[in-house]
Amino acid sequence: MKNFKSKINSPFKRILVSLLITVIFGGIYFYMKLPALNFQNEGFYGFIILLCIVFSVSMIIFQGYSAYSVRDYVEHNRKKLAIPFAIIILSLAVMIIGSLAGWVVIRARSYAKLMPLDTGDFASEVSEINWNQIPLLDEDSANNLANRKLGELSDLVSQFEVNNASAQINYKGNPVRVNYLNYSDFFKWWSNRKMGIPAYIRIDMRSQEVTVVRLEEGIKYSPSEYFNRKLIRHLRFQYPTLMFDDVNFEIDDDGTPYWIASVLTRKIGLFNGSDIKGAVLVNAVTGESQYYNIKDVPSWVDRVYSSSLIVQQYDYYGKYHNGFWNSMFGQKDCTETTDGFNYIAQNDDVWLYTGITSVTGDRGNIGFILVNQRTKEAHYYSCAGAEEYSAASSAEGAVQQFSYNATFPLLLNISDQPTYFMALKDAAGLVKMYAMVNVQQYQIVATGNSVSDCQQKYHQLLIDNQILTDEEEAKPQEDMEKHTGRIEEIRSADIDGNTIYYIRLEKGNVYYTVSAKERPMAVILNTGDTITVSCYPSDETIIAAEDLEIS
C-alpha cells in the first residue's frame, strides 16, 4: 500500500491548523445559517456534529497516509480522532433521547396543558363593539390598498415594494395594519442603504384610509437588509442563545417602528412543546433592542404569540386532554380548530378568534375561542352553530345575483348574539356590501350597502325571528347625533344601480350619504333646503345618514 506524507509533520501543528480551519468554517456557517446556540435547538447539535466532521477531515488530510491496509488506517484514525467521534455520538444520543422524552404517545396530557383554557360567557365578557371600530377590510384588501398607495409615490415605487406580511394591531384605539417596505433588489439596497427605508404604510381597517408615514431617519434594520443589518442576523449577534419564532412589524403609540421578535422555549422533553417565554423589541431605525419576559412585555405590543402557535396549542388540547389513545380510537370529546381565524380588538389588545369543531369533520361549530395575542389569555365559549365557511356561503347566497365573495368572518357581539360580520367583495377585490349572519341560526342573514344599514336589517331579523322582542330591540352603542342646517352642496353618484346623494350643510365640511332607494325624499332635495340628518358619531368626512327629515 502506498504512503502519503503530509508536509505538516508536527502533531501539534496539525491539530492547530485543523482547529483553525474548523473555526473559519464554523464562523462562515454561523454567519450564513445563524443557528441558535441553545441546547433546546436541534440545529445546535447539527452544528456541533458538522464542526466535528470538518475537524476530523482536516486532521485526516494533514496527517498523511501511512498504513499497510485500509483496516489499519481506519483503526489508526479512530484512535487519533476519539474525542470528535465521541462528541458526535453524544450529540446524536442527546437528540434521540431528547426527542423521545417529548414523544406525544407518552406525554399527551403535557401537550394538552400548553394552553390553559377558561370557559366564559360570551354576552358578558365580549363587549358590543363600537361601530366606528369595526375593521371593514381583510388582509388582502388592506395589502391591495397599500400597493396602490405605493404606486402613487414616484420617489418610492421605483426603489421599494410593499411586504404583504402585515399584522393587525391597535393604534390609538383603532384597528390598523402596518406594512413595511422591502428594497426591490440588491442594487436598490446599495443606492439607498445610507438613508434606509424612509417610510412605512399604515392602513386604517375602519375608515380604509391609507397613510404613508415618512420617517425623519430611515429604517436601517429589516428582513430585506444585507450583511450585519439584516434583521435576523442583527438579532442573532445580539442574542446568540435565543430561539426566535415570528418576528413582526408594529408601531408604538408615537408611531415609532419596532420589530417584535417572539422568543421560544420548549416545555416538553428537550425539543417539543413550543411556547413563548418573552420577546425582544428592536427599534427598526436605530437597532437598539431589549428583551422582556412575557409578563413584562409593554402593553402597546399587540402580537407576541403567533396565530399558528395559538392554533397548534389549542389543537393539542382538543385532541389530547383525554389522553393519546382516546385521540386515536374512541375520540371522545376530541375537538380541533376550524380552517381559518380572524382578530377582535378588545381592551386595547388583539384577540385571535377561531371556531371549534369536532374532529369527525362535520360542518358545524360547537363553540369558539378567543386568545389574547400578547398574554395568551384564552377563553372558550360554548355556542353550537355554523362554522365560518358555511356562514360565508350563506352571506354569498343572499346576494348571489352579484357573485360577490365574502371575506373570512369576524365574530361580533350584537345584542348579546354571537354574530358573524363580513365584507362582500366583487371580482376586483373591492368591498361592495356587508353581511351579518347569526352564528346559531345561520339562515338569519342581513346585507346592506353600509355597516349601519346592515346592522338595522339584522336587528329587525332578530325581532322577526323572535330572538329579540320589540322591547329588547338593540340599542346603538352611542346615541345618534342630529345635525340641522341648510343644504349648501348636493351631489349624486350611481353605485351598483342605486343613486346615492352626498349632502353638505352650510358651514360644514362633512358629506352625509343618503340612498334614494331607502329615502325617496332625497330625490326632491335642492340647495337651500333645510334638513335634519341623523347619524352615528364619526370623525370621517363622509358619513352614512341613518335618517333624514325635511324641515
Side-chain angles (χ1 to χ4, degrees), residues 129-137 141-142 144-146 148-149 152 171-176 201-212 402 404 421 423-426 428-436 446-458 476-551:
I129 194 169
N130 186 311
W131 295 111
N132 291 329
Q133 294 181 319
I134 295 178
L136 304 181
L137 297 173
S141 298
N144 287 337
L145 289 176
R148 289 177 187 173
K149 189 66 175 180
E152 299 172 2
Y171 177 65
K172 296 183 177 179
N174 293 323
V176 304
I201 298 177
R202 186 179 70 233
I203 305 100
D204 191 312
M205 304 289 283
R206 171 184 57 87
S207 67
Q208 307 183 42
E209 180 183 0
V210 183
T211 304
V212 176
F402 299 120
Y404 291 158
F421 171 82
L424 298 169
K425 302 193 296 184
D426 63 13
L430 300 177
V431 175
K432 294 296 185 180
M433 298 181 71
Y434 303 96
M436 292 181 182
T447 61
N449 293 317
S450 66
V451 177
S452 57
D453 177 35
C454 184
Q455 174 226 357
Q456 289 179 352
K457 292 177 180 178
Y458 179 70
Q477 265 56 55
E478 298 174 333
D479 294 330
M480 286 194 293
E481 298 176 343
K482 291 190 175 183
H483 302 274
T484 301
R486 296 178 63 189
I487 298 176
E488 185 168 300
E489 182 181 3
I490 183 168
R491 303 183 183 185
S492 65
D494 184 79
I495 300 177
D496 293 332
N498 296 323
T499 301
I500 305 297
Y501 290 90
Y502 295 78
I503 302 168
R504 183 171 63 83
L505 303 181
E506 284 183 336
K507 300 180 181 179
N509 56 5
V510 172
Y511 287 89
Y512 301 99
T513 62
V514 180
S515 169
K517 181 179 179 180
E518 298 174 7
R519 303 283 185 269
M521 67 180 68
V523 177
I524 63 174
L525 293 177
N526 295 297
T527 302
D529 290 347
T530 300
I531 63 171
T532 298
V533 178
S534 300
C535 64
Y536 290 106
S538 175
D539 296 329
E540 301 305 312
T541 55
I542 299 178
I543 303 174
E546 306 300 329
D547 196 11
L548 174 67
E549 299 176 9
I550 301 177
S551 302

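Quick note: residue numbers are just sequence positions, from 1.
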**Q** Side chains of Asp204 and Tyr171: does their closest heavy-atom pair fall under 4.5 Å?
**A** no
**Q** Given side chains that start at C-beta, do those of Asn526 and Ile490 come closer than 4.5 Å, heavy atoms only?
**A** no
**Q** If every non-hydrogen atom of Met205 is compared with every non-hydrogen atom of Ala142, which pair is closest and at what distance?
**A** SD-CB, 4.1 Å
**Q** Lys482: what forms a salt bridge (charged side-chain N to carboxylate O under 4.0 Å, His left out) with it, not counting sequence neighbours?
**A** none
**Q** Under 4.5 Å between any side-chain heavy atoms of Leu525 and Leu548, yes or no?
**A** yes
**Q** Taking all non-hydrogen atoms of both residues, which atom of Tyr501 and which atom of Ala516 are closest, and how far apart?
**A** CE1-CB, 3.8 Å
**Q** List for me each residue that meets side chain to side chain contact (heavy atoms under 4.5 Å, CB included) alongside Lys425, sequence neighbours excluded, and say none if there are none.
**A** Asp138, Asp140, Ser141, Thr407, Val431
**Q** Any side-chain heavy atom of Asp426 sitting closer than 4.5 Å to one from Tyr404?
**A** yes
**Q** Using the salt bridge (charged side-chain N to carboxylate O under 4.0 Å, His left out) criterion, which residues pair with Glu488? Sequence neighbours excluded.
**A** Arg504
**Q** Using every non-hydrogen atom in the two residues, find where Phe421 and Pro135 come nearest and quote the distance to one decimal.
**A** CE2-O, 4.2 Å
**Q** Could you tell me the separation between the CD1 atom of Ile550 and the CE atom of Met521, rounded to the nearest 0.5 Å?
**A** 5.5 Å
**Q** Applying side-chain contact (heavy atoms from CB on, under 4.5 Å) to Val533 and Ile503, what does each step give before you reach the verdict?
**A** CA-CA 10 Å; Val533 178; Ile503 302 168; 5.7 Å; no
**Q** With rounding to the nearest 0.5 Å, note down the distance linking OH in Tyr512 to CD1 in Ile487.
**A** 12.0 Å
**Q** Atom CG of Leu137 and atom CD of Gln208: how far apart are they, to the nearest 0.5 Å?
**A** 4.0 Å
**Q** For residues 519-530, which residue pairs qualify under salt bridge (Lys or Arg N to Asp or Glu O under 4.0 Å), counting only residues two or more places apart or in two chains?
**A** Arg519-Asp547
**Q** Show your working on side-chain contact (heavy atoms from CB on, under 4.5 Å) between Tyr511 and Ile543 and close with a plain yes or no.
**A** CA-CA 6 Å; Tyr511 287 89; Ile543 303 174; over 6 Å; no
**Q** Does some side-chain heavy atom of Phe402 sit less than 4.5 Å from a side-chain heavy atom of Lys432?
**A** no
**Q** Could you pull out all residues at least two apart from Tyr458 that satisfy ring pair (Phe, Tyr, Trp, His ring centres under 6.0 Å)?
**A** none
**Q** Looking at CD of Glu506 and OG1 of Thr527, how far apart are the two atoms once the value is rounded to the nearest 0.5 Å?
**A** 10.0 Å
**Q** Quick one: do Thr484 and Leu505 satisfy side-chain contact (heavy atoms from CB on, under 4.5 Å)? Show the steps, please.
**A** CA-CA 8 Å; Thr484 301; Leu505 303 181; over 6 Å; no
**Q** Just jot down the salt bridge (charged side-chain N to carboxylate O under 4.0 Å, His left out) partners of Arg202, sequence neighbours excluded, or say none.
**A** none
**Q** If every non-hydrogen atom of Ile542 is compared with every non-hydrogen atom of Tyr502, which pair is closest and at what distance?
**A** CG2-CE2, 4.2 Å
**Q** On a heavy-atom basis, which atom in Asp453 and which in Asn449 lie closest, and how many Å separate them?
**A** OD2-N, 3.3 Å
**Q** Minimum heavy-atom separation for Ala446 and Cys454, please, with both atom names.
**A** O-SG, 3.4 Å
